Amino acid sequence: MPRYDAKRIEAHWQQYWETHQTFRTEDTIPTGEEANKPKLYVLDMFPYPSGSGLHVGHPEGYTATDIVCRYSRMKGMNVLHPMGWDAFGLPAEEHAVKTGTHPRETTEQNIATFKRQLKMLGFSYDWERELATTDPDYYRWTQWIFLQLFDTWYDADHVWTGPDGVERKGKGRPISELPIPEEILASGGASALRVDAAGNALGGLTPNRSPEVSEAIRRYQDKHRLAYVSEAPVNWCPALGTVLANEEIIDGKSERGGHPVVRMPLKQWMLRITAYADRLASELEPLTWSDSIKFMQRNWIGRSTGAEVDFLVDTRDSASGRASALRDSAAGNALGGLTPNRSPDELVIRVYTTRPDTLFGVTYMVLAPEHPLVQKITTDKQRAAVDEYIRKSSLKSDLDRTDLAKEKSGVFTGGHAINPVNGERVPVWIADYVLISYGTGAIMAVPAHDERDYEFAKTFGIPIVQVVAPAEGSGHTVEIETAAFTETGVSVNSGTYNGLPTADFKSQITKDLTASGLGKEAVNYRLRDWLFSRQRYWGEPFPIWHELDADGNPTGLMRADSAESLPVLHPHMDDFKPTGSPEPMLAKATPEWLYKTDTDGVKLKRETNSMPQWAGSCWYYLRFCDNKNAETFIDPEKEKYWLPVDLYIGGAEHAVLHLLYSRFWHKVLFDRGHVSTPEPFQKLVNQGMILGEPDENGKAEKMSKSRGNVVNPDDVVKDYGADSLRLYEMFMGPLEQVKPWQMSGVEGVYRFLGRVWRMIVDDRAETTTLSAAVVDSPPAEDQLRMLHKTIKAVTDDIDRLSFNTAISRMMEFTNFMSGQETRSKSVLEQFVLLLNPFAPHIAEELWNTLKAPQLELLENAGLLKGHNVTLTYEQWPTYDPALLVEDTVEVPVQVNGKIRAKIVVPADLDAKTLEAAARSDDAVQKHLEGKTVVKVVAVPGRMVNFVVR
RNA sequence: GGCCAGGUGGCGAAACAGGCAGACGCACGGGACUUAAAAUCCCGGGUCCCUAACGGGACGUACGGGUUCGAUUCCCGUCCUGGCUACCA
């Protein structure tokens, strides 16, 4: 009993918190007195409950948020601090393939383990709000949000003012409000059919419209939805049995497991995140996120501005041998004399460039091997070589393609195109350094001013024409024989444009191209639409049906499940083995699950893809505010009260994926009026990774099973207790920094807690009683001053999430106080309150020991209630600034910047007197002897510096 | 290659606004208590030099320059480490 017994104390208080629901946040929005409390929503990135249990990396962020929450409760805030499980995902399904255990069973076991471990660490979560993305009550609403995406199109020109009062351009609107082009409305033969598309929720169908027109409208709408089906080359991973998003592929291999990935065309669900690219980039600005994360997001979105330029194909050497459409006058005029109203059989290569000012330097063009024009412009002579190149590059995985990055490859198609600015005939090549998925899939190559083009031109002996010269005084030099010049400058060899600075040239040529119909300003994004379907079992089924014709073939038309019919549950399955083909797992479901006939007699087949793991994590922070609501995904009042998340802490590995997807969904919900804030996470902090224990060379590596350096929180808690683990993880160093684990450091904070214990408790007594040194009398002045210094330091440190320094200040307090023969009880009580956010179990125990007489009185009077016992809702200590002022200070005295003496003077001594005091010091005089003082700098209370010669 | 973050004792680190570099902790050394050990408590410490000692001096925050009375802190250049990204036209 007398010794600091972490195990007993922690078990007792965890039990207490549980039975008294100490950390329960009221489900209703506070009213009356309570409404004056500021709200604080503090969120952890919820974990994937893996089979291996909690890792010491998890409690790092969780402890940080827990400190903020416990501190804020004591500051009188209404705190929301929930926890849940990102529980869909491949490992549970892979386990099912191996053992036949249903993924739900594995998932539930893993959740139980995680929950036990988190409770063991004493985090102050409101467990009433627990949720798992795999709960039907949860994914019902994931499916519902998908239907919102399915029901939304992006109106890029719509100018509107959101509930936040900010004017925006571009809005997600109901698909029923999508304007239908006249030619579609007229396509059914019925002339001038007037349609009020806005009036109809379901596909804009009106009874007086011909079936052909209705179908055309539906197909048109389907092309504009934020959730749409597209057939495109995607990343198929045979080992995982699923397609993967670009974001999930690293160096041509799957991020999970490192399996090879091949590209093949497949029909897949896509989410139109590119529509929100601009807003996702620009609305990042006001958020309190680290610059590096903002930068990574902006980079991922990769907005660039430039121009699209049309190059007419010179058909005289095309394989088809068609009559030339090229006017021979082409070369005559500045802009090639090409007229905008071209004949339909002319072939045009449209390129995207950020440097339209280098158009005069184009010496060849490149199409991506997959470009649709390749076949048309390839000459018979080159056909064999071109086909061979296409075949080879299609076989290459992305990995091979990047591996070969150093060596440029490509083949001449035999075709030529006409440079619109000077009418020159330029050869057209294909090469895999041009990607079909970016820009137009074709480039104009300017070897003189682009490194990649330069390298390619050198490899294949293509001419290099310099059209930009360094601006005068820029300090740049050009040696076009050895390297490309990629800087901006002044144009040369560019006809009438000569002498223009790059920026001016860009805007001028873009204007001229636009005027002649040969080009236009264009914006491009690195960001691609989000591939949203997977072929696995353990993910959310899509709430979508495909219409079948009389023969049972899909017509390409779709129907959505009604919101009321959700959730779409998983079918029962015994066999979880991947099909080995891109055929989804759910296609193996029973016919009852797969097929139905709708009320209008149309046969329907279920969508058998499932959603990716990102889906559930895109909106969980919303559901925490109202996790039991059966009517809607979140009550609008609760959403308004709790959102946005005030502090979000998690690993930097989610810098672009989860955090971008989540923001995208949130913006769609915002546009559709379901949430009131444009952004979900106001402040974001990334904790640094915890590395393994350093080896004998002092080198620390990432924890991993294969290195055998994984630290299990269970073991640490067993040996030292949860308070020590929490304290150590915060004491290691700054939260955001990468730092190595050192078990001896845990020992150190454990010793500190022992000192705190003995500072207050008599560790030789039979029961937990106060140390004889603790006296119930007014504190001595130095104790009081130490306390107030500590209160200020700890408070300031928590406010800036500097937990390591907060702990060291509490250590200083303890070192000082332990040395005092009598310790004021009131001072110790205040200190225990400061300790509480960091080491809550021992703090509760000490608080109750210090408060025992008062508590006993209350108990005898029958007034003892839960919140009288726990210190959770005690007021956070405040400090008196007057007590922090020292009477005297030690001031360093420098001579020529070198410290020669330290003098003790009254703290408020003015500069003149301070200088005199410094000058009279013996050591200073010695250094001033025989020298001339040219200048004296005296800063009251800080320092004195004599400048001598 | 590009971008971001960082480089301070044997180690993790601190110095928040240009003003005493190394708080706090670990490891280490010495001492007390003990039959002994553990636990606990006390003391010590950047490096080098001078001194028997008290004490004193020089150097020191990756490296080289600069601004300043004064630089770990600001500026320029170089090197190294970690992270992200990678033919995005």
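Not measured: the values here are computed from a predicted model. Computed from heavy atoms alone, side chains included, the values below leave out hydrogens, waters and symmetry copies. Each chain gets a letter, A, B and so on, in the order the sequences are listed, and its residues count up from 1.
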Which part of the nucleic acid, if any, lies within contact of [X], taking any heavy atom under 4.0 Å across all strands shown: a base, the sugar-phosphate backbone alone, or nothing?
{"X": "A:Met943", "answer": "base"}
{"X": "A:His449", "answer": "nothing"}
{"X": "A:Ile443", "answer": "base"}
{"X": "A:Phe295", "answer": "sugar-phosphate"}
{"X": "A:Asn815", "answer": "sugar-phosphate"}
{"X": "A:Pro734", "answer": "sugar-phosphate"}
{"X": "A:Gln742", "answer": "sugar-phosphate"}
{"X": "A:Arg809", "answer": "nothing"}
{"X": "A:Val947", "answer": "sugar-phosphate"}
{"X": "A:Gln737", "answer": "sugar-phosphate"}

**Asked** For A:Glu747, does the CD atom have more than 12 heavy-atom neighbours from other residues, nucleotides or ligands under 6.0 Å away?
**Response**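 Check passes, neighbour count above 12.
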**Prompt:** Around atom CZ of A:Arg809, are there more than 12 heavy atoms of other residues, nucleotides or ligands at under 6.0 Å?
**Reply:**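 Counting other residues, nucleotides and ligands, CZ of A:Arg809 stays at 12 neighbours or fewer.
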Please check the phosphate of [N] (OP1 and OP2 only) for any side-chain N or O of [X] closer than 4.0 Å.
{"X": "A:Arg942", "N": "B:rG70", "result": "no"}
{"X": "A:Lys935", "N": "B:rC69", "result": "yes"}
{"X": "A:Tyr438", "N": "B:rA89", "result": "yes"}
{"X": "A:Arg751", "N": "B:rA27", "result": "yes"}
{"X": "A:Lys898", "N": "B:rC59", "result": "yes"}
{"X": "A:Arg526", "N": "B:rA89", "result": "no"}
{"X": "A:Ser304", "N": "B:rA89", "result": "yes"}
{"X": "A:Arg900", "N": "B:rG56", "result": "no"}
{"X": "A:His927", "N": "B:rG57", "result": "yes"}

[options]: which one has an atom nearest the side-chain heavy atoms of [X]?
{"X": "A:Tyr433", "options": "B:rA15, B:rC87, B:rA89", "value": "B:rC87"}
{"X": "A:Tyr352", "options": "B:rA89, B:rG19, B:rA14", "value": "B:rA89"}
{"X": "A:Arg800", "options": "B:rC41, B:rC16, B:rA89", "value": "B:rC16"}
{"X": "A:Lys408", "options": "B:rC87, B:rA23, B:rA89", "value": "B:rC87"}
{"X": "A:Pro892", "options": "B:rA86, B:rC20, B:rA89", "value": "B:rC20"}
{"X": "A:Met296", "options": "B:rU85, B:rC84, B:rU40", "value": "B:rC84"}

**Request:** Find the distance between CD1 (A:Ile443) and OH (A:Tyr433) and round it off to the nearest 0.5 Å.
**Result:**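 OH of A:Tyr433 is found 3.5 Å from CD1 of A:Ile443.
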**Asked** To the nearest 0.5 Å, what is the distance between CG (A:Leu725) and CG (A:Asp719)?
**Response**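 Interatomic distance, A:Leu725 CG to A:Asp719 CG, rounded to 0.5 Å: 11.0 Å.
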**Parallel, tilted or perpendicular, as decided by the 30° and 60° cut-offs, for the rings of A:Phe460 and A:Trp429** =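 Geometry flag for A:Phe460 against A:Trp429: tilted rings.
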**Asked** Hey, what's the ring geometry for A:Tyr750 with A:Tyr720, parallel, tilted or perpendicular (30° and 60° as the breaks)?
**Response**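 A:Tyr750 and A:Tyr720: perpendicular rings.
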[N] to [M] separation - [atom1] atoms, rounded to the nearest Å:
{"N": "B:rA21", "M": "B:rC16", "atom1": "C1'", "answer": "16 Å"}
{"N": "B:rC54", "M": "B:rC42", "atom1": "C1'", "answer": "24 Å"}
{"N": "B:rU85", "M": "B:rG29", "atom1": "C1'", "answer": "49 Å"}
{"N": "B:rC59", "M": "B:rG77", "atom1": "P", "answer": "29 Å"}
{"N": "B:rG10", "M": "B:rC49", "atom1": "P", "answer": "16 Å"}
{"N": "B:rU67", "M": "B:rC50", "atom1": "C1'", "answer": "36 Å"}
{"N": "B:rG22", "M": "B:rU61", "atom1": "C1'", "answer": "9 Å"}
{"N": "B:rC84", "M": "B:rC26", "atom1": "P", "answer": "33 Å"}

**Asked** Closest nucleotide of RNA chain B for A:Gly819 versus for A:Asn945: which of these residues is on the 5' side?
**Response**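 The answer here is A:Gly819.
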**Item:** Nearest-nucleotide 5' precedence on RNA chain B, A:Asn804 against A:Gly745
**Value:**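 Its nearest nucleotide lies further toward 5', so the answer is A:Asn804.
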Figure out the [atom1]/[atom2] separation between [X] and [N], and round it to whole Å.
{"X": "A:Leu727", "N": "B:rC24", "atom1": "CG", "atom2": "P", "answer": "16 Å"}
{"X": "A:Ile899", "N": "B:rA71", "atom1": "CD1", "atom2": "P", "answer": "11 Å"}
{"X": "A:Gln297", "N": "B:rC4", "atom1": "CD", "atom2": "P", "answer": "17 Å"}
{"X": "A:Met444", "N": "B:rA89", "atom1": "CE", "atom2": "C1'", "answer": "9 Å"}

**Message:** Anti or syn, where syn is a glycosidic angle within 90° of 0; which label fits B:rG9?
**Reply:**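 B:rG9: syn glycosidic orientation.
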**Message:** Can you see whether A:Phe456 has A:Lys408 sitting over its ring - NZ or CZ less than 6.0 Å from the centre and within 45° of the normal?
**Reply:**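 No - A:Lys408 does not lie over the ring of A:Phe456 by the 6.0 Å and 45° rule.
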Once you apply the 3.5 Å cut-off to both distances, tell me the Watson-Crick or G-U wobble partner of [N], or none.
{"N": "B:rU73", "result": "none"}
{"N": "B:rC11", "result": "B:rG25"}
{"N": "B:rU67", "result": "none"}
{"N": "B:rC3", "result": "B:rG83"}
{"N": "B:rC48", "result": "B:rG57"}

**Asked** Any ion pair linking A:Lys739 and A:Glu60 (charged N to carboxylate O, less than 4.0 Å)?
**Response**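 So A:Glu60 pairs with A:Lys739 through a salt bridge.
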**Asked** Do A:Ser304 and A:Asn524 have a side chain donor and acceptor closer than 3.5 Å?
**Response**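 Distance-only check fails for A:Ser304 and A:Asn524.
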**Polar pair under 3.5 Å, donor/acceptor by atom type, side chain A:Lys902, base B:rC20** =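 Donor-acceptor pair under 3.5 Å: yes.
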